[in-house]
Colleague: 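To start, I am sharing the structure in question, which I have written as structure tokens.
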Amino acid sequence: MEVWYPSHVEKAKRAIKSLIKLVSGIVEVVDARAPMATRPLDMEPYFKDKKRMIFLNKADLAEDDVTKRWVEKFSKDCQTLYGSIKEMQNIHDIFDPFRSDHEVNILVVGMPNVGKSTLVNMIKKRRATLIGDKPGITRSVQWIRIDDRMKLLDTPGITYPRISNETLYAKLGLCNVIDIEQVDFEALVYYELDLLSKIKPELIEKIGEGDSIVKRIESYGMQRGFIIKGGVLDINRTLLTLHREITHEKFGKISYEMPEDF
């Protein structure tokens with residue numbers, strides 16, 4: 001399955017590989033709803049000798065007990081924190097474990113739209129990098145000085161050039177890592193709903209009436225009046241709205257991965 005993989009992402013990967021020797025620590029930002037799916041695992045071999053911090057962002061959208069189990073799992077290998085970057089009062093706490101009596105360089109890495117640029121901007125307290133709802137806003141590798149003893153290496157969101165696993169594809173779609181404007185959106189949403197039917201069957205029942213996912217989707221769109229000329233259901237608007245409601249907690253907090261499965 002194709003994903004949006006612009007040239008600047010490949011350039012960023014090459015830059016990270018060449019600059020990794022200059023950093024002493026790495027802050028890896030992941031989506032708490034799918035922490036393994038949103039880890040840039042193809043870059044992991046280059047990080048293995050560095051001090052690590054994993055931050056599970058968007059924990060306010062995930063199931064609390066599941067997130068705590070993820071923290072317990074990751075904490076066996078490296079320091080792990082969780083929360084909502086947008087709501088954090090003491091954002092500097094994330095970087096405190098890396099501080100020293102000399103200058104340190106920290107790499108901030110993550111997939112698109114996991115909250116990496118929000119973190120950088122909040123720590124800087126000004127618009128150091130662009131922020132947006134669409135994946136792929138940060139387009140270049142850049143050094144950002146935080147204070148006289150710390151610099152951050154900010155990077156574009158790291159993605160895969162291609163995804164062959166339907167489950168991973170669905171998880172990345174549900175976490176808005178995949179730019180929905182750059183892929184077959186209808187197919188993506190059906191993959192998402194197929195995944196949810198397995199992990200949250202009660203959610204599928206809330207969508208609408210019917211004895212299949214397709215009929216429930218049609219019921220959902222008809223109930224909201226998404227009708228176009230000729231009395232035909234506007235399937236694109238229906239799927240887009242459904243996707244947004246699921247990913248923005250309209251159906252409650254959802255975790256797409258369980259730590260016990262890894």
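The figures that follow rest on heavy atoms only: side chains count, while hydrogens, waters and symmetry mates do not. Nothing here was measured: the structure is a model prediction, and the numbers come from that model.
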Colleague: Would you call the rings of W70 and F262 parallel, tilted or perpendicular if under 30° counts as parallel and over 60° as perpendicular?
Modeller: tilted

Colleague: Answer yes or no: does atom NZ of K68 have more than 12 heavy-atom neighbours from other residues, nucleotides or ligands under 6.0 Å?
Modeller: no

Colleague: Do L195 and L174 have side chains that approach each other closer than 4.5 Å (heavy atoms only, starting at C-beta)?
Modeller: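 When only atoms from C-beta onward are counted, L174 and L195 do touch, with a gap below 4.5 Å.
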
Colleague: Sub-3.5 Å donor-acceptor pair from the side chain of T155 to the main-chain atoms of V108, do we have one?
Modeller: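 A pair under 3.5 Å: yes.
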
Colleague: If only atom types and distance count, is the side chain of H243 paired as donor or acceptor with the main-chain N or O of L239 below 3.5 Å?
Modeller: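 Not confirmed, H243 side chain does not pair with L239 backbone.
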
Colleague: Could you measure the distance from the CD atom of E245 to the CD1 atom of I207? Nearest 0.5 Å is fine.
Modeller: 9.5 Å

Colleague: More than 12 foreign heavy atoms under 6.0 Å from CZ of R244: is that the case here?
Modeller: no

Colleague: Using a strict 4.0 Å threshold on nitrogen-to-oxygen distance, state whether E260 and K73 make a salt bridge.
Modeller: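 A salt bridge is absent here (no side-chain N lies under 4.0 Å from a carboxylate O).
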
Colleague: Would a 4.5 Å heavy-atom cut-off, applied to side chains only, mark V29 and T38 as touching?
Modeller: no

Colleague: So, do L188 and I180 sit near enough that their side-chain heavy atoms are less than 4.5 Å apart?
Modeller: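 L188 vs I180: side chains touch.
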
Colleague: Using a 3.5 Å distance criterion without hydrogens, assess whether the side chain of R216 forms a donor-acceptor pair with backbone atoms of G210.
Modeller: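 Yes, the answer is positive, given that a donor and an acceptor are paired below the 3.5 Å cut-off.
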
Colleague: Please check: side-chain N/O of N90 versus main-chain N/O of D93, any donor-acceptor pairing under 3.5 Å?
Modeller: no

Colleague: For residues E257 and P35, report the shortest heavy-atom separation together with the two atoms involved.
Modeller: OE1-N, 3.2 Å

Colleague: List for me each residue that meets ring pair (Phe, Tyr, Trp, His ring centres under 6.0 Å) alongside Y256, sequence neighbours excluded, and say none if there are none.
Modeller: none

Colleague: Between C175 and L172, is the side chain to side chain contact (heavy atoms under 4.5 Å, CB included) condition met? List the steps.
Modeller: CA-CA 5 Å; C175 292; L172 295 181; 5.7 Å; no

Colleague: Determine, for F98 and K51, whether the Lys NZ or Arg CZ falls below 6.0 Å from the six-membered ring centre while staying within 45 degrees of the axis.
Modeller: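 Output yes; distance and angle both within limits.
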
Colleague: Given 3.5 Å as the limit, does a donor-acceptor pair link the side chain of K86 with the main chain of T118, or not?
Modeller: no

Colleague: For the residue pair S75 / Q79, report whether a side-chain donor-acceptor contact shorter than 3.5 Å exists.
Modeller: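 Checked: Q79/S75 side chains show no N/O donor-acceptor pair below 3.5 Å.
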
Colleague: Might you point out which heavy atoms bring K200 and I254 nearest each other, and give the distance in Å?
Modeller: CG-CG2, 4.1 Å

Colleague: Judged by atom type as modelled, is there a donor-acceptor pair below 3.5 Å linking the side chain of K21 to the main-chain atoms of S18?
Modeller: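 Present.
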
Colleague: State, yes or no, whether a side-chain contact exists between I94 and M88 at a heavy-atom distance under 4.5 Å.
Modeller: yes

Colleague: Between E166 and Y191 (side chain of the first, backbone of the second, donor and acceptor by atom type, cut-off under 3.5 Å), is there such a pair?
Modeller: no

Colleague: Where is the tightest heavy-atom contact between K171 and A34, given as atom of each residue plus distance?
Modeller: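 Closest approach of K171 to A34: CB-CB, 4.4 Å.
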
Colleague: Could you give the distance from CG (L203) to CD1 (I246), rounded to the nearest 0.5 Å?
Modeller: 5.5 Å

Colleague: Check the pair T167, D194 against side chain to side chain contact (heavy atoms under 4.5 Å, CB included), reporting the backbone distance first and the verdict last.
Modeller: CA-CA 9 Å; T167 301; D194 181 62; over 6 Å; no

Colleague: Can you tell me how far apart SG (C78) and CZ (R52) are? Round to the nearest 0.5 Å.
Modeller: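 These two atoms lie 6.0 Å from each other.
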
Colleague: Give a yes or no on whether a salt bridge exists between E209 and K215, defined as a side-chain N under 4.0 angstrom from a carboxylate O.
Modeller: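 Salt bridge between E209 and K215, a charged N being under 4.0 Å from a carboxylate O: no.
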
Colleague: Please confirm whether the backbone N or O of L22 pairs with a side-chain atom of S24, one donor and one acceptor, at under 3.5 Å?
Modeller: no

Colleague: Output yes when R99 and D147 qualify as a salt bridge under the 4.0 Å nitrogen-oxygen rule, no when they do not.
Modeller: yes

Colleague: Assigning hydrophobic clusters by single linkage (Ile, Leu, Val, Met, Phe, Trp, Tyr; side-chain heavy-atom cutoff under 4.5 Å), is V214 placed with L242?
Modeller: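 Yes, one cluster joins them.
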
Colleague: Check whether N57 reaches the backbone of I85 with its side chain - one donor and one acceptor, N or O, closer than 3.5 Å.
Modeller: yes

Colleague: State, yes or no, whether a side-chain contact exists between L81 and L56 at a heavy-atom distance under 4.5 Å.
Modeller: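 The answer is no, as the side chains (C-beta and beyond) never meet within the 4.5 Å cut-off.
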
Colleague: Taking only Lys NZ, Arg NE, NH1 and NH2, and the carboxylate oxygens of Asp or Glu, determine whether K50 and E28 approach each other closer than 4.0 Å.
Modeller: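 Salt bridge: no.
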
Colleague: Is the shortest side-chain heavy-atom distance between I16 and F47 below 4.5 Å?
Modeller: yes

Colleague: I'd like to know whether L107 forms a side chain to side chain contact (heavy atoms under 4.5 Å, CB included) with V27, so could you lay out the CA-CA distance, the side-chain angles of the two residues, the decisive distance to 0.1 Å, and finally the verdict.
Modeller: CA-CA 6 Å; L107 169 65; V27 174; over 6 Å; no

Colleague: Any heavy-atom pair between the side chains of F226 and N236 that's under 4.5 Å?
Modeller: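 Result no, sub-4.5 Å side-chain heavy-atom pair not found.
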
Colleague: Ignoring hydrogens and angles, tell me if any N or O in the side chain of N121 forms a donor-acceptor pair with the backbone of S117 under 3.5 Å.
Modeller: yes

Colleague: Please examine the side chains of T238 and R224, heavy atoms only from C-beta on, and report whether any two atoms are closer than 4.5 Å.
Modeller: no

Colleague: Return the CD1 to CG distance between I235 and L240, rounded to the nearest 0.5 Å.
Modeller: 11.5 Å

Colleague: With a sphere of 6.0 Å drawn around CE of M222, does it hold more than 12 non-hydrogen atoms of other residues, nucleotides or ligands?
Modeller: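 12 or below, so no.
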
Colleague: Counting only heavy atoms from other residues, nucleotides and ligands, does the tally under 6.0 Å from CZ of F251 exceed 12?
Modeller: yes

Colleague: Can you list the steps and then say if N105 with M150 is a side chain to side chain contact (heavy atoms under 4.5 Å, CB included)?
Modeller: CA-CA 6 Å; N105 297 328; M150 181 172 287; over 6 Å; no

Colleague: Answer yes or no: is there an ion pair linking E87 with K58, defined by an N-O contact shorter than 4.0 Å?
Modeller: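 Looking at E87 and K58, the cut-off is not met.
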
Colleague: About how many Å separate CE of M53 and CZ of F55, when rounded to the nearest 0.5 Å?
Modeller: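 F55 atom CZ to M53 atom CE measures 8.5 Å (nearest 0.5 Å).
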
Colleague: So does Y82 have more than 12 non-hydrogen atoms from other groups sitting under 6.0 Å from OH?
Modeller: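 No - once you tally the heavy atoms of other residues, nucleotides and ligands closer than 6.0 Å, there are 12 at most.
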
Colleague: Give, for atom NZ of K151 and atom CD1 of I144, the distance between the pair rounded to the nearest 0.5 Å.
Modeller: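 Spacing of NZ (K151) from CD1 (I144) equals 11.5 Å.
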
